[in-house]
**Q** 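This is the structure I want to talk about, given as structure tokens.
Just the heavy atoms: all of them, side chains too, but no hydrogens, waters or symmetry mates, feed the values below. Residue numbers count from 1 along this sequence. Just so it is clear, the model here is predicted, and its values are computed rather than measured.
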Amino acid sequence: MYTNNYVIVAIFLGLGIFLPIAALTIGKWLRPSKPVEEKYTTYESGNEPVGEGQIRFNIRYYLFALMFVIFDVETVFLYPWAVAYNQLGLFALVEMCIFVALLAIGLLYAWKKKVLQWTSV
């Protein structure tokens, strides 16, 4: 009985290793390979790179992006609740109020820490 389970795991492990290697190998055989000097440049669009390749971004950009992702993902959690609101009852309403309150607390915290203010420094 247990041997059968190990055989299934071994088959899936073997397939998990074999299939990506086979796909990459077949892709290498089938794709065109015409190396020319232009393909070794940074951009194949024909534009010559100007300046440094790495620049320093303001940390506030990342904070804005993180705040957007957090609140965007959290609003996705509100949609199923709103769709099934009639079937969920009072308990789900209380839970969602707590959830929205925690989001509001997070927003107030970010506001107090002045994360939402953009200054050019």
**Q** Could you tell me which non-hydrogen atom of Ile17 sits nearest to which non-hydrogen atom of Pro20, and how far apart they are?
**A**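 Heavy atoms of Ile17 and Pro20 come nearest at O-CD, 3.6 Å.
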**Q** Could you give the distance from CD1 (Ile8) to CG (Leu13), rounded to the nearest 0.5 Å?
**A** 13.5 Å
**Q** Among the clusters formed by ILVMFWY side chains lying less than 4.5 Å apart, do Leu78 and Val73 turn up in the same one?
**A**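 Same cluster: Leu78 reaches Val73 through Ile, Leu, Val, Met, Phe, Trp or Tyr contacts under 4.5 Å.
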**Q** Using 0.5 Å steps for rounding, measure from the CG atom of Leu19 to the CG atom of Leu24.
**A** 11.0 Å
**Q** How many angstroms lie between CG in Leu90 and CD in Glu95, if you round to the nearest 0.5 Å?
**A** 10.5 Å
**Q** Do Leu66 and Ile70 make a side-chain contact, defined as non-hydrogen atoms from C-beta onward lying under 4.5 Å apart?
**A**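 Side-chain contact under 4.5 Å: yes.
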**Q** More than 12 heavy atoms of other residues, nucleotides or ligands under 6.0 Å from CZ of Phe71: is that the case?
**A** yes
**Q** In the single-linkage hydrophobic clustering (I, L, V, M, F, W, Y; side-chain heavy atoms under 4.5 Å), do Val100 and Val69 co-cluster?
**A**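 Hydrophobic grouping puts Val100 with Val69.
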**Q** Does Leu103 reach the side chain of Thr75, with side-chain heavy atoms less than 4.5 Å apart?
**A**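 Heavy-atom side-chain distance check fails, nothing below 4.5 Å.
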**Q** If every non-hydrogen atom of Ile21 is compared with every non-hydrogen atom of Thr25, which pair is closest and at what distance?
**A**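 Closest approach of Ile21 to Thr25: O-OG1, 2.7 Å.
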**Q** If every non-hydrogen atom of Met96 is compared with every non-hydrogen atom of Phe77, which pair is closest and at what distance?
**A**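 Minimum heavy-atom contact is CE-O, 4.3 Å.
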**Q** Quick check on Trp81: does its CH2 atom have over 12 non-hydrogen neighbours (other residues, nucleotides or ligands) under 6.0 Å away?
**A** yes
**Q** Could you measure the distance from the CD atom of Glu74 to the CG atom of Leu107? Nearest 0.5 Å is fine.
**A**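 Between atom CD of Glu74 and atom CG of Leu107 there are 12.5 Å.
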**Q** Among the clusters formed by ILVMFWY side chains lying less than 4.5 Å apart, do Val94 and Phe91 turn up in the same one?
**A**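 No, no single cluster joins them.
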